[in-house]
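All remarks here apply to the structure that follows.
As the structure is a prediction and not an experimental result, all values here were calculated from the model. Chain identifiers are assigned alphabetically (A, B, ...) following the order of the sequence lines, protein sequences preceding nucleic acid strands; residue numbering begins at 1 within each chain.
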Amino acid sequence: MRMSRLLLKTLREAPADADLPSHKLLIRAGLVSQLAAGLYSFTPLGWKVFRRLEAIIREEMDGAGAQEVHLPALHPIEVWEKSGRAAAMGETLFRLNDRKEHGFALGPTHEEVISDLAGRTIQSYRDLPVTLYQIQTKFRDEPRPRGGLIRLREFTMKDAYSFDTGWYTLDASYDLAFEAYVRIFQRAGVPVIPVAADSGAIGGKDSQEFIFLTPNGEDEILLCPSCGYAANAEKADFRRPPAVPGEPAPMERIATPGQKTIDDLVANLGVEARQTCKAVFFRADGKPVFVAIRGDLDVNEVKLKNTLKAKDLEAMDERMARAAGLVAGSASAVGLTGMTIVADSSAVEAVNLVAGANEDGFHYTNVNHGRDWKG
RNA sequence: CGGGGUGUAGCUCAGCCUGGUUAGAGCGCGCGCUUUGGGAGCGCGAGGCCCCCGGUUCGAAUCCGGGCACCCCGACCA
């Protein structure tokens, strides 16, 4: 192709809509063009780049013994209802009806469909193991598309699915895939760090993510330079900073007018944040949950969700909190009934914490887990 | 869904507060000339439902109300 014939329009200035460096460059280089939120067209040059990336992925997947398939993007809604993920996906699932008013969905991922295919074609253990993959368009009605190509409503995903005879062979398939991914990123020139991750809605034993470090990312990871431990913050277990040591003292009720946050308590009572007990309220599958954690730490919602084995977890709204008798700003597990109480190990191990008295303007000092509250 | 911001030429923006003749600039685009050993210069030109609907007014890009779209933060992100 002659450059003179190439349809390519570069821009000196990035559109005001572009914020991230990657987004600005993609647009200015003329590789992509936005149609609507989360929907992008690829120009001839952009598409060339896209296809070269696909080629790398195909070569490495094929090299690892995986077989490519092509699956429908349009799914009868039944397969999603049968798996229970129609409800789980909620509004993220793009739904539509055909002319006979039959329900369909645009596939956000393809576990349901590949399971159908595998169930029909794999008839004996002699057919195993087999790894299938696809590079196809997926659709998700994202709550907030953003960052250029970072989070889209229509996007291309490479998805691979292995079918094995047991845990041992599954691990072998997993390792093959892992190595293929490492090579793909190497060849693409993208420096990534594999980290342990939460397996999310798919479930399962192990999960890893390949993280590309950037100031504009969506996740946080923890790395240990000496032992090599690497994990997504959603997954990572870590040692809490030490608590202030001491012997349990008698609990006392004190007036703390207008003091509603950990910072307020620190400023007015002369204690450290790690000597307070933070109260956070959630709604897990519709039921109220109270979480107690040391004041200098924050609740990790993914871990909480996994601990509760909850399908759905969200912050409790004010109305529900009031109805449950919680006093925002002065809440604690002391004397609290009527809901699940979850205690982070930090709050269990710490001694003589400052916690809410469940009455506006009052707190308790010297609160101790086990003696004064449970959870 | 909550908070914030923006919507005027293909792109970046000015004009709007203090309503009033043909709505502007730079870049890009077209044509012509010139130049041609360095992302060129000069001239001419095309291009705008001023996001949409309604209201106020003799008169609205400009004021008021409603809506839509897009971006950012959060929620969420299977």
(Q) From the set B/U12, B/C72, B/C70, return the single nucleotide nearest to any side-chain atom of A/D19. (A) B/C72

Q: Check the pair A/T131, A/L176 against side chain to side chain contact (heavy atoms under 4.5 Å, CB included), reporting the backbone distance first and the verdict last.
A: CA-CA 10 Å; A/T131 294; A/L176 270 175; over 6 Å; no

Q. Would you say the side-chain atoms of A/Y133 and A/D62 include a donor-acceptor pair closer than 3.5 Å?
A. yes

**Q.** Rounded C1' spacing from B/A61 to B/C50 in Å
**A.** 4 Å

Q) Counting only Watson-Crick or G-U wobble pairs whose two distances fall under 3.5 Å, which nucleotide matches B/A69? A) B/U6

Q) Given that A/P143 and A/A87 both sit by RNA chain B, which one's nearest nucleotide is further toward the 5' end? A) A/P143

Q) Strictly by modelled atom types, are A/D264 and A/T261 linked by a side-chain donor-acceptor pair under 3.5 Å? A) yes

Q) What heavy-atom pair brings A/K24 and A/D19 nearest, and what distance separates the two atoms? A) CE-O, 3.6 Å

(Q) Could you tell me how far B/G26 sits from B/G47 if I compare only their C1' atoms? Round to whole Å. (A) 15 Å

(Q) Rounding to an integer number of Å, can you tell me how far A/E154 CD sits from B/C77 P? (A) 22 Å

(Q) How would you summarise protein contacts on nucleotides 2-10 of chain B per nucleotide, using B for base, S for sugar-phosphate only and - for none, with heavy-atom distances below 4.0 Å? (A) ---------

Q) Which whole-number value in Å describes the distance from A/R28 CZ to B/G28 C1'? A) 14 Å

Q) Applying a 3.5 Å limit to both distances, which nucleotide forms a Watson-Crick or G-U wobble pair with B/C17? A) none

Q) Rounded to the nearest Å, what distance is computed from the CD1 atom of residue A/I27 to the P atom of nucleotide B/C71? A) 10 Å

Q.
For B/A60, give the paired nucleotide (Watson-Crick: N1-N3 plus N6-O4 or O6-N4; G-U: N1-O2 and O6-N3; both under 3.5 Å), or none.
A. none

Q: Using the P atom as the reference point in each nucleotide, state the distance between B/G20 and B/U62 in Å, no decimals.
A: 11 Å

Q | Sugar-phosphate only, base, or nothing, as touched by A/G147 at under 4.0 Å among non-hydrogen atoms | A | sugar-phosphate

Q. Side chains of A/S162 and A/D164: do they bring a donor and an acceptor to under 3.5 Å?
A. yes

**Q.** Side chain of A/R153 (C-beta onward), nearest among B/C76, B/C70, B/C11
**A.** B/C70

Q.
Using the C1' atom as the point on both nucleotides, what is the distance between B/G7 and B/A14, in whole Å?
A. 15 Å

Q | Who pairs with B/C50 - Watson-Crick or G-U, where each distance is under 3.5 Å | A | none

Q) Rounded to whole angstrom units, what separation is found between the CD atom of A/E218 and the C1' atom of B/C73? A) 13 Å

(Q) Could you see if A/F50 belongs to whatever hydrophobic cluster contains A/I27? Use Ile, Leu, Val, Met, Phe, Trp, Tyr and a side-chain cutoff under 4.5 Å. (A) yes

(Q) Using atom P in both nucleotides, what's the gap between B/U18 and B/A9 to the nearest angstrom? (A) 25 Å

Q) Which comes earlier along RNA chain B counting from the 5' end, the contact point of A/A14 or that of A/Y40, where each point is its nearest nucleotide? A) A/A14

Q. How long is the line joining CD of A/E142 and P of B/C1, in whole Å?
A. 16 Å

For nucleotides 23-26 of chain B, list the nitrogen or oxygen atoms of the protein found under 3.5 Å from its nitrogen or oxygen atoms, one pair per line.
{"residue": "B/G26", "atom": "N2", "partner": "A/E13", "partner atom": "OE2", "Å": "3.4"}

Q: Report yes if the side chains of A/K138 and A/D159 come closer than 4.5 Å at any heavy-atom pair, otherwise no.
A: yes

Q) If every non-hydrogen atom of A/T165 is compared with every non-hydrogen atom of A/Y125, which pair is closest and at what distance? A) CG2-O, 4.3 Å

Q. Taking only residues two or more places apart in sequence or in another chain, which ones pass side chain to side chain contact (heavy atoms under 4.5 Å, CB included) with A/L353?
A. A/C277, A/R294, A/A350

(Q) Between B/A23 and B/U8, how many Å separate the two C1' atoms, rounded to a whole number? (A) 8 Å

Q | Euclidean distance, atom CZ of residue A/R146 to atom P of B/C77 [Å, nearest integer] | A | 12 Å

Q: Using a 4.0 Å heavy-atom cut-off across all strands, classify A/A16 as base, sugar-phosphate, or nothing.
A: sugar-phosphate

Q) Does A/R140 use its side chain to pair, donor to acceptor, with the backbone of A/P108 at less than 3.5 Å? A) yes

Q: Once you apply the 3.5 Å cut-off to both distances, tell me the Watson-Crick or G-U wobble partner of B/U22, or none.
A: none

Q. What does A/L313 touch in the nucleic acid at a heavy-atom separation under 4.0 angstrom: a base, only the sugar-phosphate, or nothing?
A. sugar-phosphate

Q) Given A/L128 and A/V130, is the side chain to side chain contact (heavy atoms under 4.5 Å, CB included) satisfied, shown in steps? A) CA-CA 5 Å; A/L128 298 176; A/V130 61; 4.2 Å; yes

Q) On a whole-Å scale, what distance lies between the P atoms belonging to B/G5 and B/C63? A) 16 Å

Q. Between B/G28 and A/R12, is there an OP1 or OP2 to side-chain N/O distance shorter than 4.0 Å?
A. yes

Q) A/E301 has an atom CD; how far is it from atom C1' of B/A75, in whole Å? A) 9 Å

Q: Anything under 30° is parallel, anything over 60° is perpendicular, the rest tilted; go ahead and classify A/F210 against A/F185.
A: tilted

Q: Tell me what A/E111 touches on the nucleic acid: a base, only sugar-phosphate, or nothing, going by heavy atoms under 4.0 Å.
A: nothing

**Q.** Identified pairing partner of B/C42, criterion: Watson-Crick or G-U wobble below 3.5 Å
**A.** B/G32

(Q) For the C1' atoms, the ones on B/A40 and on B/C27, what distance do you get once it is rounded to whole angstrom? (A) 15 Å

Q | G-U wobble or Watson-Crick pairing nucleotide for B/C77 (cut-off 3.5 Å, both distances) | A | none

(Q) Measure CG/A/L149 against P/B/C71 and give the value in whole Å, please. (A) 12 Å

